[in-house]
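Down below is the structure, laid out as structure tokens.
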Amino acid sequence: MSITIGKDTDAATLPERIRRFPFPFTGESYRYSANVEPANKNVPTDAGAWGAGVIDIDEFYLQELADRDQILTRDPSRMQVLPHMRPAVWDTIATLLPAMAEDYPDMMSFQREGNACRWQNKLQGLDVEFTVGDDDSLPMGPLRFLGSQIQDDIVLLDIRDNTMWLDAGLVSFAADWSFNFDVGMNFLEIHGPVPRVKEENIIRRAEQFLLRLQPGEQFRRTNWTMTVGNRLDTSTETYPEWGPDRGTIATDPDMPDKLHLRVEVQHLIRLPHTGVLLFLIRSYLLPLRDIAKVPAWRERFGHVLAELPEDMAEYKGIIRYRKAASDWLLAG
Amino acid sequence: MTITALPITAHPAVEGGLQLEVTNVSPQTESIVSITLADPSGARLPSYVPGSHLVVQYGSGVNAYSLTGSGNAPSEYAISVLRVEDGAGGSVAMHHLAVGDRVYVSRPRSAFAPASTATHHLLIAAGIGITPVLSHARAAADRGTTSSLIYVYRPGTGAHVEEARDLLGPALTECSDRGSFQNVLTERLMTQSLGTHLYVCGPIAFMDAVLNQARELGWPPARLHSEAFGAAELDDGEPFTVNLVRSGLKLDVPAGVSLLETLERAGKTIPNMCRKGICGECVLPVLRGTPQHRDLYLTDQEKAENTTMMCCVSRSEDPELELDL
């Protein structure tokens with residue numbers, strides 16, 4: 001196999017969406033692993049860096065939040081809070097808003113006296129006062145409000161009976177799963193459909209790790225799949241809109257622009273006051289055309305796709321076009 | 001200057017924790033003192049889960065004490081300490097603390113959390129066991145769930161009695177002798193509505209008796225909670241020595257310090273991610289000796305072979321391990 005390496009890319013000339021993209025592959029192949037590491041650690045990549053803070057705000061902020069608002073208005077099942085999870089939602093707000101104000105002091109500020117809070121967000125021209133614990137103090141309710149401030153999807157797992165239960169969340173950008181279907185399930189049930197992980201004991205290990213996290217601890221991992229079109233909502237609910245594209249993309253001349261690597265940066269945070277596990281999923285999309293602008297990424301992703309075992313490619317929903325994508329990437 | 005002023009180095013159990021200042025010391029009873037701690041700069045302290053404890057360093061040792069507040073965005077931490085004259089010295093040192101002293105403490109650690117789905121919290125405390133359940137009662141009041149408390153203490157020796165009365169009103173039952181406590185306990189265990197969770201803290205024999213009786217009366221284990229300090233973390237372990245064959249180095253791994261940290265301090269770069277024994281990054285080849293495997297990564301068979309170990313959490317069964325490093 002001969003690989004043509006283009007001239008060295010000058011990372012500084014690349015657009016932000018590429019420089020800040022959390023490219024997840026460190027080798028030429030990919031298998032599931034419990035790839036968790038402490039959060040808030042800047043990771044250099046071949047194009048730039050990512051991961052300095054928990055909440056990442058980028059150029060797509062307002063657009064993605066507008067998309068989310070439309071999705072929730074159309075399909076309220078994307079957000080659910082079982083009654084015992086109300087304190088955890090407030091715990092999430094009291095944890096994330098101050099962290100955002102600290103990371104983005106030019107754009108955001110947070111003040112708190114007792115339970116009385118004031119939140120300002122210049123990106124949205126927002127100045128709002130609310131009371132922790134009082135659901136009526138935020139017009140949309142606390143979880144929907146939080147979902148209007150961060151691009152991440154939000155999942156809350158209650159810890160009891162020595163396992164975790166998905167008992168609340170706001171998930172507008174699910175990648176081929178249904179939040180509504182999973183609400184109320186426990187950790188093992190949620191991961192039941194994932195191939196290989198049971199045999200390899202990864203889920204049980206991840207569960208033990210999460211159960212042992214102390215309140216206040218923050219970890220993260222990355223996960224990836226592929227998406228046809230620049231669409232974040234590939235939930236089971238909207239399958240008829242995006243599913244058929246999987247069958248036609250391999251022969252589509254626009255494949256390099258339409259087919260995206262989708263990377264999720266997932267934060268695992270044990271909330272300080274309730275001890276509930278907050279699972280944040282921030283999704284990034286980058287078309288193959290952009291990936292190819294970073295020669296090391298083009299080559300590595302091409303090899304990963306070519307080598308990925310059939311059952312994993314099947315589960316990720318990429319089996320019908322992964323060869324076309326890999327060929328294009330490796331052709332340079 | 002008292003003997004409990006800020007020591008020069010932090011104990012491993014409080015590493016990554018906080019340096020706080022004593023802002024108030026007030027006697028609760030003849031043998032129990034309440035101590036409040038705050039950030040010297042006035043910063044808000046981390047919130048904590050009701051029933052959490054704080055590891056406090058005294059001199060060269062550490063002790064864990066329950067936090068008595070609700071845990072919601074606190075500006076100070078409050079603990080109450082029973083003086084134990086023949087103990088390891090921690091409680092005596094705590095009783096010597098004075099306003100203005102600085103102490104090293106851990107971040108709050110949760111090992112006695114309230115169940116989110118409980119419809120009612122039945123709290124049972126004996127003596128100084130009042131401290132974590134007071135935290136539970138405060139948090140329940142904050143969150144709008146109900147709680148009731150059976151508090152057993154000898155007359156004149158009860159800490160936080162007035163606060164418990166104010167907080168719980170008629171939901172507080174005070175007992176001063178075993179007989180009356182036994183009657184109240186039996187009656188309560190048999191009359192709780194569906195969804196009640198029970199929490200007990202006190203001397204071990206007391207807790208065992210309460211839990212046994214609850215089980216005999218048909219309470220499911222998932223509804224029973226008792227305070228057990230340190231249950232959520234790995235213990236410090238015994239000190240051991242590692243012999244790095246290729247480097248020709250011999251390093252001591254003290255109790256409370258991981259092998260990974262020891263290697264890093266000696267200038268070795270070991271790939272690692274989670275530092276919790278699950279990701280598998282920091283695997284090391286073992287040439288001789290038996291590792292004490294404490295990770296969740298290696299399979300049982302791999303653990304039995306003893307040819308590899310995860311150096312972030314695992315230690316040694318033998319006084320010395322030989323590593324291919």
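Residue numbering restarts at 1 for every chain, and letters A, B, ... go by the order of the sequence lines.
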List the atom of [X], the atom of [Y], and the distance in Å for their closest heavy-atom pair.
{"X": "Pro215(A)", "Y": "Val49(B)", "answer": "CG-CG2, 3.5 Å"}
{"X": "Arg160(A)", "Y": "Ser116(B)", "answer": "NH1-OG, 4.4 Å"}
{"X": "Arg109(B)", "Y": "Gln214(A)", "answer": "CA-OE1, 3.2 Å"}
{"X": "Arg212(A)", "Y": "Arg294(B)", "answer": "NH1-O, 4.5 Å"}

Do [X] and [Y] have side chains that approach each other closer than 4.5 Å (heavy atoms only, starting at C-beta)?
{"X": "Glu37(A)", "Y": "Asn272(B)", "value": "no"}
{"X": "Asp161(A)", "Y": "Arg223(B)", "value": "no"}
{"X": "Pro272(A)", "Y": "Pro46(B)", "value": "no"}

Given a strict heavy-atom distance threshold of 4.5 Å, which part of [X] is in contact with chain B: side chain, backbone, both, or neither?
{"X": "Asn35(A)", "value": "both"}
{"X": "Phe219(A)", "value": "side chain"}
{"X": "Glu217(A)", "value": "side chain"}
{"X": "Pro38(A)", "value": "both"}
{"X": "Arg86(A)", "value": "neither"}

Check: Gly71(B) main-chain N/O paired with His273(A) side-chain donor or acceptor under 3.5 Å = yes
Whether Gln208(A) side chain and Leu296(B) backbone form a donor-acceptor pair below 3.5 Å = no
Any chance [atom1] of [X] has more than 12 other-residue heavy atoms, nucleotides or ligands included, within less than 6.0 Å?
{"X": "Glu305(B)", "atom1": "CD", "answer": "yes"}
{"X": "Glu264(B)", "atom1": "CD", "answer": "yes"}
{"X": "Asp300(B)", "atom1": "CG", "answer": "no"}
{"X": "Arg204(A)", "atom1": "CZ", "answer": "no"}

Give the member of Val36(A), Asp167(A), Leu211(A), Leu213(A) that has the highest number of heavy-atom pairs under 4.5 Å with chain B.
-> Val36(A)
May I ask you to check whether Asn115(A) and Asn72(B) show a side-chain donor-acceptor distance below 3.5 Å?
-> yes
Pro108(B), part contacting chain A, at a heavy-atom distance under 4.5 Å | backbone
Please lay out, stage by stage, how Thr274(A) and Arg143(B) fare under the test side chain to side chain contact (heavy atoms under 4.5 Å, CB included).
-> CA-CA 11 Å; Thr274(A) 54; Arg143(B) 292 174 186 174; 3.8 Å; yes
